[in-house]
Amino acid sequence: MAIVDEVKDEFCKRFGDKGDIRIYFAPGRVNLIGEHTDYNGGHVFPCALSLGNYAAVRKREDDRVRWFNMTYPDDGVIETSIKGLKPGDNGLWYDYQLGVIWAFGENGHEIPSGFDMVMKADLPAGSGLSASASIEELCAVIIRDLFLPDISPVDCAIMGQYSENRYNGMNCGIMDQFASAMGKKDHAIFLDTATLKYDYVPLNLRNEKIVVINSRVKHSLAGSAYNDRRSESERALKDIQAVKAVETLGDLSTEEFEEVKAAIKDPVCLKRARHAVYENIRTIDAVAALKSGDLESFGKLMNDSHVSLRDDYEVSCKELDILAEEAWKTEGCIGSRMTGGGFGGCTVSIVKKDSLESFEASMKAAYKERTGIDCEIFTADAADGAGRII
Ligand code: GLA
């Protein structure tokens, strides 16, 4: 049964079939290049996936919300009020929904009543494909559709990031929420995170496919190490600001960075800043290469991105390095890198269509041999952003 029908059926079973039941979808994302640049005022180049979170929803007249998540059936129906929410850190799946409701209120958009909701994901959680941003944008698009039609999809992305930063304590940038809210079929989003100006770039992959490989590992330091990287980048920026007027690391060209880098006192912070600056320029160059049909250069920049994330930003891990290295030497692979925050999760590769089968087979075998783990491989198509389906 299609997930749309599954959530609708489950909704009718749990909450009754009367009234105006609506169905929504919000995608996860894969980032093609531009990693750990979004909180450094740089550029990113993600696309929304056709995988994500679905929900069946009906507005209520009181201030209650009731949730049932088919992905976590043992939790049963969660019921709470939309009033009096406070940031906490209980780490439960519905913190993301509560956080978004809270974020709208904090930003002066009072939500008049609650809703009932049944949801289900076809995106693996914890795989670095932004399952959490997909839940946030699902919730934001529901609130927008039911109560706040004047809110824009970009506002929904901002609310999602605000909630994740301040309700869930994860200091993420805006990339994931923006990709989930604003995705466009067959396009990636070239987003300048300093201004939120964006451009949809057609992927035009006639003879190639985007291949996502899930390492099926998630190292536990991911959350705290992410926040550490962010503060190390900020320290580097402060040192640079003592010698040059810039607002973010994304303002610097590589030449300018080389001129001022001696001002950065801590060698670790220097490495973090070097990644942020060079990755931003790589992203700009990669988009230019793609637009001119030079996929070879795009792939090479993806590979360089991985090396920089591994050596300078130090957010890769053994498993992701193995996946990237194996992909680089496998026939038909144009480029490959870790994608997302790191410390596990997925790689993204561009692979020639006529080598897909052999690529998948040799990646599976090599990864199993070197790690003992069965990786999960799928091809991805760029999809539309969050919205109401029915
Ligand atoms: C996570 C964050 C994003 C971004 C990436 C790294 O996915 O949520 O904001 O910083 O890591 O590029």
Side-chain angles (χ1 to χ4, degrees), residues 26-49 52 95-96 99-100 123-137 140 157-183 188-194 196 198 212 214-215 218-219 221-234 248-250 272-273 275-280 282-283 286 301-302 305-306 308-310 312-317 320 337-348:
R29 64 94 190 93
V30 64
N31 187 22
L32 298 176
I33 192 161
E35 216 66 83
H36 288 278
T37 48
D38 64 346
Y39 50 85
N40 281 314
H43 293 75
V44 293
F45 194 50
C47 49
L49 294 169
D95 282 346
Y96 292 116
V100 172
L123 180 73
S127 60
L129 300 174
S130 296
S132 51
S134 143
I135 295 177
E136 288 156 1
E137 292 314 309
I158 293 170
M159 291 305 141
Q161 183 201 14
Y162 186 94
S163 74
E164 186 142 350
N165 289 172
R166 305 196 190 197
Y167 197 90
N168 290 301
M170 170 76 175
N171 258 333
C172 63
I174 192 132
M175 170 171 73
D176 303 350
Q177 291 78 9
F178 201 96
S180 181
M182 297 291 294
I189 310 170
F190 183 41
L191 171 68
D192 179 348
T193 62
L196 295 193
Y198 62 93
V212 176
N214 186 356
S215 67
K218 187 81 204 159
H219 296 291
L221 70 171
S224 60
Y226 183 95
N227 289 346
D228 290 347
R229 296 300 180 280
R230 187 164 180 160
S231 42
E232 286 155 2
S233 300
E234 282 161 6
T248 67
L249 294 174
R272 307 299 188 242
H275 167 77
V277 171
Y278 277 78
E279 178 78 354
N280 180 41
R282 265 194 293 277
T283 307
L301 290 161
M302 288 175 78
S305 164
H306 185 86
S308 175
L309 288 158
R310 181 190 69 194
D312 273 351
Y313 222 64
E314 295 177 284
V315 290
S316 187
C317 61
L320 291 174
R337 56 184 287 278
M338 57 156 274
T339 184
F343 303 104
C346 296
T347 58
V348 59

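Counting convention: from 1, in listed order, for ligands and their atoms alike.
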Participant: As an exercise, state the distance from CG of L129 to CG of N31, rounded to the nearest 0.5 Å.
Facilitator: 11.0 Å

Participant: For S180, give me all partners under side chain to side chain donor-acceptor pair (under 3.5 Å), at least two apart in sequence or on another chain.
Facilitator: none

Participant: Measure up the H36 and Y226 rings against each other and bin them: parallel (under 30°), tilted (30 to 60°), perpendicular (over 60°).
Facilitator: tilted

Participant: Considering only heavy atoms, which protein residues lie less than 4.0 Å from any atom of ligand 1?
Facilitator: R29, E35, H36, D38, Y39, C172, G173, M175, D176, Y226, G340, G341

Participant: Tell me, please, which residues at least two apart from Y278 pass ring pair (Phe, Tyr, Trp, His ring centres under 6.0 Å).
Facilitator: none

Participant: Kindly compute the distance separating OH (Y313) from OG (S233), expressed to the nearest 0.5 Å.
Facilitator: 3.0 Å

Participant: Kindly write out the residues that satisfy ring pair (Phe, Tyr, Trp, His ring centres under 6.0 Å) with F190, not counting sequence neighbours, or none if the list is empty.
Facilitator: H43

